[in-house]
Amino acid sequence: MPATHPYIKKLIQCINLEEKEQVSRYSLDQQHSLKSLKAAGLALHPIAVTRKTFGYADYPEISFRLNFPSETNLFKDGAAIECFFAGEEPVKGILLNLEGKQGEFRLFAPDFPDWIEDAGVGIKLAPDQRTTGIMKKVLNELENNQPLFALFEQLHGKESPTSNLPAATNSPLHFSNNRLNASQQQAVTAITQNEQITIVHGPPGTGKTTTLIEAILQLIKAGEKVLVAAPSNTAVDNICKGLLAQSVSLLRIGNTSKVDEAIFMHTPEGRLNNSKQQKEIKQLKIRAEEFRKMALKYKRSFGKAEREQRNLLFKEVKNIRTEIKKLRAYNEEKLYQEASVIAGTPIGLYDAGISQLTFNTLVMDEAGQCIEPLAWCIFPLAQKIVLAGDHLQLPPTVLSNEAARLGFNQSVLEISIATVNNTCLLNTQYRMREAIAGFSSNYFYKGLLQTAAHLTNTGLHIFFIDTAGSGFNEIQGSDGMSLQNEGELQLAVKLLQTESLDPLTTAFISPYAGQVAAAKEILPKEMRVSTIDSFQGQEKETIILSLVRSNDEGDIGFLKDYRRMNVAITRAKEQLFVIGDSASIGGDNFYNAFLTYVETAGIYKTVWEFDL
């Protein structure tokens with residue numbers, strides 16, 4: 001039955017808009033040349049295939065290398081892709097991982113395409129109609145589940161929280177980690193006493209993962225079965241590593257292609273590796289390989305009879321694959337029963353078919369990066385919910401401007417924090433010097449974010465280098481889409497020399513993909529160069545931030561999303577260098593406040609002080 005609640009209908013409308021935008025944007029046709037898709041960061045071409053193998057479910061899996069600098073920010077783990085080659089039918093698949101210039105993807109096909117190792121093969125993003133279909137199905141069923149729909153109405157109610165922090169309680173807990181600070185202990189206690197939904201608000205560097213690990217240990221000790229989710233595989237693996245270090249009985253499901261060896265042993269594939277069932281699966285794979293070899297005797301040019309024979313052989317491969325899946329599902333069911341914690345991405349957990357199990361608590365990390373419909377895919381799986389993250393950092397990526405205008409890029413955390421009273425702020429950061437954290441603490445966290453005692457300032461830690469009046473203007477990048485600023489790049493190179501910065505402990509970041517692409521050409525190869533969006537969740541001793549915008553109109557574009565700046569200025573541990581044009585950005589109240597802060601807490605320099 002279709003949804004009747006106006007907000008649910010709006011979410012479904014947004015999913016349709018996003019789906020339409022994906023189809024439009026990812027198409028390789030007359031309107032979208034390969035060059036324009038590459039420029040927009042939607043295609044990687046050419047790729048060099050480095051390895052071919054048949055994966056756990058017997059799908060073809062391909063490892064590849066990028067030989068040229070490419071914008072890879074949109075190529076997230078689990079993204080729907082198509083592998084293409086000029087003049088051939090593209091093959092659908094999924095990106096398993098992409099780190100630096102090395103990546104891996106799985107094809108939904110009986111075998112590798114004949115052309116897979118030819119020069120000129122590429123991959124491009126494709127509409128993820130499977131995920132959008134699941135989200136629409138879940139939303140349409142939401143009103144039929146009374147307790148869940150009551151939670152939905154609460155999250156979308158008009159009430160405001162009476163207090164941002166729960167009242168302190170005399171905790172009877174015996175903490176496994178005796179180094180937790182008071183706010184972390186308070187959050188753990190709130191999670192163990194949670195009756196419906198609790199929020200852990202963790203600003204940068206406040207030990208959110210450490211806190212969640214302790215809370216999960218306490219829940220297990222109390223006899224609970226816990227579900228752990230995060231929107232990205234990296235975030236899931238991060239929390240899994242911490243739990244495994246505490247000897248937790250954990251099962252990591254979903255994408256297992258490039259998880260750490262320590263985690264792999266706790267995936268269904270790793271657990272079944274030397275079992276009797278695995279030997280059975282191996283025999284089925286050998287049979288599938290024999291049918292594939294027979295099918296491959298029929299090359300590209302063949303007649304009707306040969307085509308039919310080839311199709312029959314590939315159909316048999318498909319049948320064997322179905323048999324392998326059934327065998328896996330039967331064996332995994334036992335593993336699901338035994339584990340204290342099951343972890344994965346929302347779609348990975350939804351696909352696992354674990355709704356028959358009883359989970360007491362769902363802990364969702366990085367909830368500030370999770371669009372609301374994805375959360376409703378897994379909320380029905382547990383009795384109680386914990387959302388952890390920071391809604392004041394970057395929101396989820398949404399392609400459709402119309403969907404974003406309707407609020408689709410609001411995360412489940414941002415929506416929930418407005419009406420959930422049980423909210424705990426982790427109030428001490430352990431990442432950066434006090435001067436670096438100071439502006440974010442004042443502007444975003446109402447002065448509540450403190451700095452650990454050992455990180456008080458020992459010198460100068462924050463710098464602004466002003467290019468006003470230098471003629472270092474922004475220009476359109478070579479791709480014609482993203483902006484660059486050559487003068488700011490020259491300054492970055494100069495800073496490495498004058499400040500004797502180590503490229504291995506320094507990162508160059510910028511909001512603009514065009515600037516990042518240009519920086520990769522001239523900065524040391526061993527130096528991390530990234531868009532701000534790709535660098536969220538990471539840190540370096542030294543950060544050079546290039547703002548790029550410099551024009552007579554004072555137009556600052558998407559620098560207006562101040563949450564992007566919050567991410568950017570909280571990545572540095574020891575030194576933060578911000579390069580920008582005060583004449584262009586200073587007319588904006590946020591940036592004016594930032595410039596004023598640097599004048600008091602750091603060093604304000606002009607470009608004229610550098611010999612360029």
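Index from 1, following the sequence.
- Across all their heavy atoms, N566 and L392 have their closest contact at ND2-O, 2.9 Å.
- Between F105 and F64, the two ring planes are tilted [angle within 30° to 60°].
- When all heavy atoms of S470 and V607 are compared, the closest pair comes out as CB-CG1, 3.6 Å.
- Here the two rings, on F590 and F439, have centers that are under 6.0 Å apart.
- One N or O on the side chain of T498 and one on the backbone of K494 form a donor-acceptor pair closer than 3.5 Å.
- Every residue was checked against the salt bridge (charged side-chain N to carboxylate O under 4.0 Å, His left out) condition with E372, not counting sequence neighbours, and none meets it.
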Stepwise side chain to side chain donor-acceptor pair (under 3.5 Å) test for Q13 and N16:
CA-CA 5 Å; Q13 180 194 352; N16 289 331; over 6 Å; no
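- Salt bridge status for K540 with E574: absent, with no side-chain N to carboxylate O gap under 4.0 Å.
- Remark: L125 CG to L95 CG distance equals 8.0 Å, nearest 0.5 Å.
- Classification of R549 and D581 as a salt-bridged pair fails, no side-chain N sitting under 4.0 Å from a carboxylate O.
- Comment: K52 engages E117 in a salt bridge, judged by a side-chain N to carboxylate O separation of less than 4.0 angstrom.
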Criterion side chain to side chain donor-acceptor pair (under 3.5 Å) on S546 and E488, from CA distance to verdict:
CA-CA 6 Å; S546 167; E488 290 190 9; 2.5 Å; yes
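- Taking the six-membered ring for Trp and thresholds of 30 and 60 degrees, F463 and F577 have nearly parallel ring planes, at less than 30 degrees apart.
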How far apart are the C-alpha atoms of K208 and E366, what are their side-chain angles, what is the distance that settles it, and do they pass the salt bridge (Lys or Arg N to Asp or Glu O under 4.0 Å) test?
CA-CA 10 Å; K208 173 172 57 70; E366 301 296 355; 3.6 Å; yes
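- Here R564 contributes atom CZ and Q536 contributes atom CD; the two are 9.5 Å apart, rounded to the nearest 0.5 Å.
- In this structure the side chain of I436 never reaches within 4.5 angstrom of the side chain of I569, judged on heavy atoms.
- A tilted orientation is assigned to the rings of Y445 and H201, their planes being inclined by 30° to 60°.
- Taking each heavy atom of F472 and N485 in turn, the nearest pair found is O-ND2, 3.0 Å.
- P395 meets the side-chain contact (heavy atoms from CB on, under 4.5 Å) test with D561, R563; sequence neighbours excluded.
- A salt bridge does not link R571 to E539: none of the charged nitrogens lies less than 4.0 Å from a carboxylate oxygen.
- Across all their heavy atoms, I81 and I94 have their closest contact at CG1-N, 3.7 Å.
- Under the 4.0 Å criterion applied to side-chain N and carboxylate O atoms, D466 and K605 are not assigned as salt-bridge partners.
- Here CG of N97 is found 6.0 Å from CG of D77. Values are rounded to the nearest 0.5 Å.
- K520 is linked by a side-chain hydrogen bond (donor to acceptor under 3.5 Å, both in side chains) to nothing, counting only residues two or more places apart in sequence or in another chain.
- Between Y443 and Y562, the ring planes are perpendicular. Angles over 60° get that label, and only those under 30° would be called parallel.
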Between V598 and I603, is the side chain to side chain contact (heavy atoms under 4.5 Å, CB included) condition met? List the steps.
CA-CA 6 Å; V598 175; I603 289 285; 5.9 Å; no
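- Rounding to the nearest 0.5 Å places OH of Y26 at 9.5 Å from NZ of K124.
- Around atom CG of N67, more than 12 heavy atoms belonging to other residues, nucleotides or ligands sit under 6.0 Å away.
- Note that CD of Q450 and CG of N427 are 4.5 Å apart. Values are rounded to the nearest 0.5 Å.
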Please assess Q429 against T206 for the test side chain to side chain donor-acceptor pair (under 3.5 Å), listing each intermediate value before the final yes or no.
CA-CA 4 Å; Q429 69 84 18; T206 53; over 6 Å; no
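- Residue-environment remark: NZ (K136) exceeds the threshold of 12 foreign heavy atoms within 6.0 Å.
- Between L595 and E599, every side-chain heavy-atom pair lies at or beyond the 4.5 Å cut-off.
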Dump the intermediate steps for side chain to side chain donor-acceptor pair (under 3.5 Å) on E19 and T132, then the final yes or no.
CA-CA 7 Å; E19 209 169 23; T132 52; 2.8 Å; yes
Taking it one step at a time, do Q102 and S63 satisfy side chain to side chain contact (heavy atoms under 4.5 Å, CB included)?
CA-CA 7 Å; Q102 309 287 332; S63 301; over 6 Å; no
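- The shortest heavy-atom contact between D390 and L413 is N-CD2, 3.4 Å.
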Test side chain to side chain contact (heavy atoms under 4.5 Å, CB included) on L44 and F75 and set out the steps.
CA-CA 9 Å; L44 302 176; F75 281 82; 3.7 Å; yes
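- For the atom pair CD of Q515 and OG1 of T531, the computed distance is 12.5 Å after rounding to the nearest 0.5 Å.
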